[in-house]
Number of protein chains: 2
Amino acid sequence: MSGEHERAAAPRERLDRHRILVAAVAMIDESGLGELSMRSLGRSLGVEAMALYRYVPSRESLLDGVVELVVDEMYADPLMHLLPEDDWQDYVVRLAHGVRRLALRHPQVFPLVATRPPAAPWVRPPLRSLHWIESFLAGLLSHRFTEQQAVDAYQAVSSFLLGHLLLEISAMGVDVVAVEENGTTGQEPDPGAAVGSYPVLLRLAPLLAAGHFADEFDASLANLLHRIAPGAATQG
Amino acid sequence: MSGEHERAAAPRERLDRHRILVAAVAMIDESGLGELSMRSLGRSLGVEAMALYRYVPSRESLLDGVVELVVDEMYADPLMHLLPEDDWQDYVVRLAHGVRRLALRHPQVFPLVATRPPAAPWVRPPLRSLHWIESFLAGLLSHRFTEQQAVDAYQAVSSFLLGHLLLEISAMGVDVVAVEENGTTGQEPDPGAAVGSYPVLLRLAPLLAAGHFADEFDASLANLLHRIAPGAATQG
DNA sequence: ACCTGAACACCGTTCAAGT
DNA sequence: ACCTGAACACCGTTCAAGT
């Protein structure tokens, strides 16, 4: 009996910013953002909520830290780095799949990545790791992209990833149950929105719920690569 | 002196679900989602918070209502309807611009449109007005689209709008101030993220902050139309 | 140095009571 | 029928106090 009982939630290691962020991500992954409060997070770490304020100035900045953590987790993968000798198209593909894996691994966190105001207020596009943006831009510039082309490519890739992955993630939440019934899945929010009154929607429901996202992702990505290539015609 | 003093915020009209939603949208537009509480919303209507529960079952469903309201506001525009004799490509362009105007008019509300779980759980893609989806699908089906093609088109258009508009909206929030200084815009969140250490980012800051979103939107949209046309080759 | 207890000003929500 | 007061179980955050 040397002191370690299995206590409420957490052992006696000292607190630390990284440990806090990891716990926060785990909590969001498990139960969604709604369940994450300073108090519940403290509890999961075996500590009172107030202790967290030594390491994190506010709940808002905690969420910023969460986004940073998952994005940098992906960036840590050496596959995600563009070396001068690399094929840039291959790099963009690796990067896109890396972000996709991130989104699928942390579907509850990803909307946060997409909607939080970024670290550098004047960059604004999402996927906010500055590391990431720097490496992307520098990489393309070393591959015959002009500055404008590199910025355009960055924005095109960002918005592609944002749109596709938010869509795919939101489709993940579907319970394919109870579509056949008659469109009434328990309680419809309000009678005006009853699905029964939208015949096409009802008929195409299985197709809409299915979605071959992986294929569509790759096909659209291939198309995107073609569009942003420095050789491509710039239409207005 | 017939009874109307200029009171705290609102007159004596009886409450009603629509009035509540309109007030909620106004409040989010003005001060952001963070400022919207049942209590503050009640106050802005000259009523105690508890009165709202006669018309809205919960805060969550209030937010659903807000999304519905702004989406249907756009849908009310007759330009947004696809008639059998219309050119479908022209329709998709009108629709896309309609959604874009919506996003630019309510930039604080749009992320809600993008991230809220939709009314019909098995449809999932965002832009959640069932009216809207029904009309889109029915329209394309009457223009030689197969069911699968119509669904693909719906998902492609959705994710395009999502990605582009979230990006553009987030760029709207930029204060172009203080980029030249030295990259330190008051308080940097954490020293590791100091912008000074990312030279390319710093150099391209003006380009990143500018963004010719309207042009890019149209160019990408044109490309999208080409991709989803029923004649196009289906690559995997 | 690191954590806690108590406190403050808020939340969303319920329900009996007022008009 | 429609709204309110009081109450409950929560929040985020501050700060003096404990160890």
Side-chain angles (χ1 to χ4, degrees), chain A residues 3-5 7-25 27-28 30-67 108 112 115-117 187 189-190, chain B residues 3-5 7-25 27-28 30-67 108 112 115-117 187 189-190:
Chain A
E4 262 143 359
H5 311 245
R7 270 315 192 70
R12 293 291 76 197
E13 304 180 35
R14 234 201 281 38
L15 231 40
D16 122 359
R17 186 180 151 89
H18 187 259
R19 245 164 60 74
I20 291 175
L21 295 180
V22 168
V25 169
M27 205 157 170
I28 299 174
E30 267 173 41
S31 353
L33 186 57
E35 296 302 303
L36 181 76
S37 70
M38 299 302 276
R39 289 165 136 110
S40 65
L41 179 57
R43 198 177 312 127
S44 89
L45 287 160
V47 110
E48 300 298 315
M50 311 84 200
L52 303 174
Y53 287 88
R54 290 265 144 190
Y55 306 93
V56 149
S58 71
R59 184 179 193 266
E60 283 301 284
S61 89
L62 172 77
L63 296 182
D64 285 338
V66 161
V67 169
Q108 306 255 39
L112 235 50
T115 53
R116 271 229 124 231
Q187 67 247 18
D190 64 281
Chain B
E4 262 143 359
H5 310 246
R7 270 316 190 71
R12 291 292 76 195
E13 305 179 35
R14 235 201 283 35
L15 232 40
D16 121 1
R17 186 180 152 88
H18 187 258
R19 245 164 60 72
I20 291 175
L21 294 180
V22 168
V25 169
M27 204 156 170
I28 299 175
E30 268 174 40
S31 354
L33 186 56
E35 297 301 302
L36 181 77
S37 71
M38 298 303 275
R39 290 166 135 109
S40 64
L41 179 57
R43 199 177 312 127
S44 88
L45 287 161
V47 111
E48 300 298 315
M50 310 84 200
L52 303 175
Y53 287 89
R54 289 267 145 188
Y55 306 93
V56 149
S58 71
R59 184 181 194 265
E60 283 301 286
S61 88
L62 172 76
L63 296 182
D64 285 339
V66 161
V67 169
Q108 306 257 39
L112 235 50
T115 53
R116 241 130 224 266
Q187 67 246 16
D190 64 281

Base, sugar-phosphate, or nothing for B/R54, non-hydrogen atoms under 4.0 angstrom?
base
Using whole Å, report how far CD of A/E35 lies from P of D/dC11.
9 Å
Would you mind telling me which of C/dC2, D/dT4, C/dT13 lies closest to the side-chain atoms of B/V47?
D/dT4
If you assign each of A/A49 and B/A51 to its closest nucleotide in DNA chain D, which residue comes earlier from the 5' end?
B/A51
Rounded to whole Å, the CD1-C1' distance (B/I20 to D/dC2) equals 12 Å
Within the 4.0 Å limit for protein heavy atoms, which parts of nucleotides 5-10 of chain D are touched? Write it as a string from 5' to 3', B for base, S for sugar-phosphate only, - for none.
BBB---
What is the distance from atom OG of B/S61 to atom CZ of B/R17, rounded to the nearest 0.5 Å?
6.5 Å
Identify each donor-acceptor pair in which a side-chain atom of residues 48-57 of chain B lies under 3.5 Å from a protein atom, sequence neighbours left out, and give them as a table.
none

Choosing from D/dG12, C/dG12, C/dC3, which nucleotide comes nearest the side chain of A/L15?
C/dC3
Partner residues of B/E60 under the side chain to side chain donor-acceptor pair (under 3.5 Å) criterion, sequence neighbours left out:
B/R116
CG/A/L15 to CD1/A/I20 distance, rounded to the nearest 0.5 angstrom?
4.0 Å
Take the protein atom CD of A/E60 and the nucleotide atom P of D/dC11, then report the distance between them rounded to whole Å.
16 Å
Roughly how many Å is it from CG in B/L52 to C1' in D/dC3, rounded to a whole number?
11 Å
Do you know the tightest heavy-atom contact between A/R14 and A/R19?
O-NE, 3.2 Å
Write down the distance between CZ (A/R43) and C1' (C/dT4), rounded to a whole number of angstrom.
15 Å
Does B/I28 reach the side chain of B/E35, with side-chain heavy atoms less than 4.5 Å apart?
no
In whole Å, what is the span from the CG atom of A/D16 to the C1' atom of C/dC2?
13 Å
Would you say A/L33 and A/Q108 make side-chain contact, with heavy atoms under 4.5 Å?
no
Under 4.0 Å from OP1 or OP2 of C/dT4: is there any side-chain N or O of A/Y53 that close?
no
Round to a whole Å and report the spacing from CG of B/L62 to P of C/dT13.
10 Å
Under the side chain to side chain donor-acceptor pair (under 3.5 Å) test, which residues partner A/S37, sequence neighbours left out?
A/S40
Among A/V67, A/V66, A/L36, which one satisfies side chain to side chain contact (heavy atoms under 4.5 Å, CB included) with A/V25?
A/V66
Rounded to whole Å, the OH-C1' distance (A/Y55 to D/dT13) equals 17 Å
Just to be sure I understand: a Watson-Crick pair is purine N1 to pyrimidine N3 plus N6-O4 or O6-N4, both under 3.5 Å. Using that and G-U wobbles, which stems of three or more pairs involve DNA chain D?
C:4-8 with D:12-16, C:12-16 with D:4-8
